[in-house]
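Within every chain, numbering begins at 1; the chains are lettered A, B, ... in the order of the sequence lines, protein sequences first and strands thereafter. No hydrogens, no waters, no symmetry mates; every other heavy atom, side chains included, goes into these values.
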There are 4 protein chains.
Amino acid sequence: MPRLANGVRTPDAIRHAAIELFYEHGYEATTLREVADKVGIRVGSLYNHIDSKDELLGSIMLGIMDDLLAAFRQALRAHNDDPVACLRSCIDTHIRFHATRAHEVFIGNSELRSLPTKQRKRVVSKRDQYEKLISGILETLSEQGLAEVVDVRLQTYAIVAIGTHVSSWYKPRGGMSLDAIVETYTTMIFRQLGISSADAVLPAAPASV
Amino acid sequence: MPRLANGVRTPDAIRHAAIELFYEHGYEATTLREVADKVGIRVGSLYNHIDSKDELLGSIMLGIMDDLLAAFRQALRAHNDDPVACLRSCIDTHIRFHATRAHEVFIGNSELRSLPTKQRKRVVSKRDQYEKLISGILETLSEQGLAEVVDVRLQTYAIVAIGTHVSSWYKPRGGMSLDAIVETYTTMIFRQLGISSADAVLPAAPASV
Amino acid sequence: MPRLANGVRTPDAIRHAAIELFYEHGYEATTLREVADKVGIRVGSLYNHIDSKDELLGSIMLGIMDDLLAAFRQALRAHNDDPVACLRSCIDTHIRFHATRAHEVFIGNSELRSLPTKQRKRVVSKRDQYEKLISGILETLSEQGLAEVVDVRLQTYAIVAIGTHVSSWYKPRGGMSLDAIVETYTTMIFRQLGISSADAVLPAAPASV
Amino acid sequence: MPRLANGVRTPDAIRHAAIELFYEHGYEATTLREVADKVGIRVGSLYNHIDSKDELLGSIMLGIMDDLLAAFRQALRAHNDDPVACLRSCIDTHIRFHATRAHEVFIGNSELRSLPTKQRKRVVSKRDQYEKLISGILETLSEQGLAEVVDVRLQTYAIVAIGTHVSSWYKPRGGMSLDAIVETYTTMIFRQLGISSADAVLPAAPASV
DNA sequence: GATGAATGAGACTTCATTCAT
DNA sequence: AATGAATGAAGTCTCATTCAT
């Protein structure tokens with residue numbers, strides 16, 4: 001633990017400040033001076049902790065993708081014997097992750113073009129992996145006759161789009177509880193896939209992220 | 001006809017160049033020099049046609065929202081006696097519009113925060129109007145017992161999200177035809193609403209935008 | 001009479017508009033667009049009547065100096081036999097001219113440095129001539145024992161400074177009448193020169209400019 | 001002591017350079033590049049020390065007015081029992097200040113219109129205070145029957161005008177010594193006020209600024 | 001004689017980044 | 001590890017001026 005300001009390690013404070021500002025104003029419109037102000041240090045001091053503005057964005061974007069993939073893979077592993085339960089669990093994780101880490105996810109979706117080529121490729125690759133995981137579930141369900149998938153790619157997109165959208169409007173103490181959001185979307189997706197609506201609602205409590 | 005460069009009126013050329021560049025690199029990352037270069041004039045000459053970079057973005061965003069609302073309202077009017085046909089027509093218009101004018105729509109969805117407050121309010125107001133139109137259709141269907149709407153707001157979001165997402169990846173000569181995309185998404189939404197899948201496919205050709 | 005807009009010849013309208021704007025905001029801060037707006041034409045059209053912004057300023061400054069010299073010389077000629085009457089008449093002319101053509105005179109005094117070298121020299125030369133005329137009167141008075149001149153140069157400056165200052169605050173319908181201003185300053189200058197105060201007030205009405 | 005280039009603190013060097021350039025070419029005609037060049041830094045570096053070009057002008061103008069008021073008030077205080085001595089001291093201070101800080105005073109008199117409204121009001125207010133101080137002395141002299149004041153306002157203007165004018169031509173090693181200038185103008189003003197000329201010349205050395 | 005449009009030069013200002021202290 | 005200051009590059013916007021119509 002190198003250095004603490006108000007109990008927080010400076011690098012963490014920088015990362016946190018950057019996430020909020022990139023989310024609010026966008027990467028290009030955010031100045032490092034604003035980041036430094038939010039942290040409570042001078043702009044020059046940032047460079048004791050980051051290499052560049054680019055790299056700061058890159059680390060945020062790679063980090064969120066890694067965490068998302070890890071969470072999703074864990075949800076997958078827990079139900080590799082029951083495809084419908086697996087889908088339910090994955091939707092749950094997908095939506096909760098996009099809600100609870102909405103700002104980072106939003107940055108991950110909107111600032112790809114701000115990233116230098118090299119890092120962009122790495123993020124895109126992770127994003128593709130994520131979509132492949134979703135498509136894989138849908139294919140399994142389709143092959144086993146458990147769901148009617150009209151078009152794997154578009155169905156995948158529809159699910160991805162829900163996450164993206166949730167991340168753009170979800171607020172912790174907004175009108176609808178996270179549980180209700182998850183339940184509703186799960187029902188909607190299950191219907192879309194022609195899976196019995198009854199299966200959508202879990203008897204037990206859903207796993208938190 | 002004030003003045004033509006290669007047969008195109010300069011203000012139109014500027015608007016077109018700006019749309020492409022804002023779409024590709026984002027508003028903040030696009031310089032007016034790039035816009036001018038694309039048009040084939042010097043950067044100072046832009047100011048014979050625009051008031052400011054802000055105002056250029058604003059006019060693009062207001063314009064696309066106006067066009068979207070107009071197209072949607074026209075689709076609504078054509079079927080005000082048959083709610084299911086109306087929904088089908090609106091989905092059709094929604095998706096085709098977001099596909100054929102993908103770049104402008106994408107800007108409209110992603111650059112809200114780059115807009116000065118005054119214009120932002122006007123765009124947000126139009127966006128709200130648009131969502132209300134969609135919600136209205138869903139409510140009618142629900143009230144008349146023609147569809148099972150799990151949650152009007154989230155269902156509206158899901159439909160909006162499809163448009164947003166299509167605008168982010170659709171390319172005229174990409175893998176899937178626009179007709180096929182419309183048909184697939186229509187089927188998916190109809191299922192989600194518990195409307196007979198058969199109703200989703202039109203016997204006649206769908207209206208073009 | 002080449003061309004009239006609202007009964008005024010365009011070149012005169014331009015000159016008039018330029019004088020008001022140069023007076024109000026200064027030469028550098030005034031744009032030709034503002035001049036054109038005030039005239040009611042477009043900025044490009046100005047160039048049918050002027051050669052350049054510099055030249056427009058130059059013609060105003062040379063014009064006012066010529067008019068000032070002409071008025072002063074006329075006042076001098078009218079009393080070349082009575083030095084005290086001559087002084088009285090010159091002070092009268094000096095102050096009235098600086099009041100009634102305050103804006104041009106103000107420009108003439110404040111925008112010298114905005115003028116290109118060549119024209120500046122011509123204006124400075126006229127200004128020197130003007131000061132020499134005043135100094136000449138003072139010297140005559142001094143030589144003939146009619147006045148006690150402490151220092152010709154500083155006394156000349158003091159008189160010049162009065163004109164400059166009047167031009168910076170005089171307004172036609174301000175608190176003090178032009179006649180009163182002339183009378184008061186004349187008294188003050190006469191006292192300064194040790195000339196009987198009684199001589200300061202003219203029996204007859206002073207000549208108008 | 002933050003940082004010295006050639007022994008001078010950068011903010012002071014900027015202020016000094018700006019004064020010289022604003023005096024020589026005027027505020028509008030002076031570019032920040034010229035200021036930076038004169039200081040020996042790049043133009044962007046200026047912004048480590050100033051907020052804007054406007055604010056740089058404002059601080060110069062407010063500063064000179066504050067200094068002028070302070071100097072004048074000190075001169076007033078020193079002779080609050082003898083009105084004639086007080087006048088003499090004030091004229092001395094007035095002229096010496098306008099001569100020794102001629103460039104700043106000149107800027108203060110000529111660039112009012114270049115100032116943003118808010119700061120302009122503050123400078124104008126200080127200027128009014130200064131004129132009131134002068135008027136006050138004249139009124140006291142008049143009330144006590146020590147001087148014949150023809151018109152308080154115009155007499156005040158005449159004195160102010162002398163300062164303005166001196167600031168426009170005085171040069172440290174010009175033809176006339178500062179002491180001589182002060183003495184001559186004092187004599188002239190005393191005469192104007194009908195005060196015995198003998199009182200104008202001080203037996204002892206005049207106070208320096 | 002008027003106009004709309006183009007242009008080149010340049011102005012103010014911002015910003016990421018570096019570095020001596 | 002923090003800071004104040006410097007820097008170069010760039011960005012938006014303005015402006016005097018020109019010219020075809």
Side-chain angles (χ1 to χ4, degrees), chain A residues 2-5 9-11 28-36 39-56, chain B residues 1-5 9-11 14 28-36 39-56, chain C residues 2-5 9-11 28-36 39-56, chain D residues 1-5 9-11 14 28-36 39-56:
Chain A
R3 192 43 200 61
L4 341 200
R9 302 204 339 272
T10 307
E28 293 282 355
T30 299
T31 70
L32 287 185
R33 198 168 308 271
E34 290 169 321
V35 175
V39 173
I41 58 179
R42 304 289 158 247
V43 66
S45 312
L46 285 178
Y47 286 84
N48 289 320
H49 306 280
I50 68 171
D51 288 344
S52 71
K53 196 188 174 191
D54 275 357
E55 179 274 340
L56 175 57
Chain B
M1 302 147 273
R3 194 47 198 56
L4 343 200
R9 304 211 329 279
T10 308
I14 291 173
E28 293 282 356
T30 300
T31 71
L32 288 183
R33 192 172 309 277
E34 290 169 320
V35 175
V39 173
I41 59 178
R42 301 295 153 232
V43 69
S45 310
L46 286 177
Y47 286 84
N48 289 319
H49 306 281
I50 68 171
D51 287 343
S52 69
K53 196 187 174 193
D54 274 358
E55 178 274 340
L56 174 57
Chain C
R3 186 57 192 56
L4 341 199
R9 301 207 337 275
T10 306
E28 292 282 354
T30 299
T31 70
L32 288 185
R33 199 170 308 272
E34 290 169 319
V35 175
V39 173
I41 59 178
R42 303 294 156 243
V43 66
S45 312
L46 285 178
Y47 286 83
N48 290 320
H49 306 280
I50 67 172
D51 288 343
S52 71
K53 197 188 174 192
D54 275 358
E55 179 274 341
L56 174 58
Chain D
M1 300 147 271
R3 187 63 190 50
L4 343 200
R9 304 211 327 280
T10 308
I14 291 172
E28 294 282 355
T30 300
T31 72
L32 288 183
R33 191 172 308 277
E34 290 169 321
V35 176
V39 174
I41 60 180
R42 302 295 155 232
V43 69
S45 309
L46 286 177
Y47 285 83
N48 289 318
H49 307 281
I50 68 171
D51 287 341
S52 69
K53 197 189 173 192
D54 274 358
E55 179 273 341
L56 175 57

Any idea which heavy atoms bring [X] and [Y] closest together, and the distance?
{"X": "C:Lys53", "Y": "C:Glu28", "result": "NZ-O, 3.9 Å"}
{"X": "C:Glu34", "Y": "C:Ala29", "result": "OE1-O, 3.7 Å"}
{"X": "D:Leu32", "Y": "D:Leu46", "result": "O-CD1, 3.5 Å"}

Query raised in the report: Going from CG on D:Asn48 to OG1 on D:Thr10, what distance comes out if it is rounded to the nearest 0.5 angstrom?
Result: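 Rounded to the nearest 0.5 Å, the CG-OG1 separation comes to 9.0 Å.
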
Query raised in the report: Between atom CG of D:Leu56 and atom OG of D:Ser52, what is the distance when rounded to the nearest 0.5 Å?
Result: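 Here the rounded value is 8.0 Å.
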
Without decimals, in angstroms, what is the distance between [X] [atom1] and [N] [atom2]?
{"X": "D:Leu56", "N": "E:dA11", "atom1": "CG", "atom2": "P", "answer": "16 Å"}
{"X": "C:Arg9", "N": "E:dG1", "atom1": "CZ", "atom2": "P", "answer": "11 Å"}
{"X": "C:Ile41", "N": "E:dG1", "atom1": "CD1", "atom2": "P", "answer": "11 Å"}

**Report entry** Closest-nucleotide ordering on DNA chain E, the 5'-leading residue of B:Leu46 and C:Asn48
**Finding:**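 This one resolves to C:Asn48.
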
Query raised in the report: Is any side-chain nitrogen or oxygen of B:His49 closer than 4.0 Å to OP1 or OP2 of E:dG4?
Result: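 The answer is no; no side-chain N or O of B:His49 sits under 4.0 Å from OP1 or OP2.
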
**Report entry** D:Arg42 side-chain N/O to F:dG8 phosphate OP1/OP2 under 4.0 Å
**Finding:**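 For F:dG8, OP1 or OP2 has a side-chain N or O of D:Arg42 closer than 4.0 Å.
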
Query - Pairing nucleotide - E:dA20, Watson-Crick or G-U, each distance under 3.5 Å - result: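 E:dA20 is paired with F:dT3.
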
Query raised in the report: When every nucleotide of nucleotides 15-21 of chain F is labelled 5' to 3' by its protein contacts under 4.0 Å (heavy atoms), B for base, S for sugar-phosphate only, - for none, what sequence of letters results?
Result: SSBB---

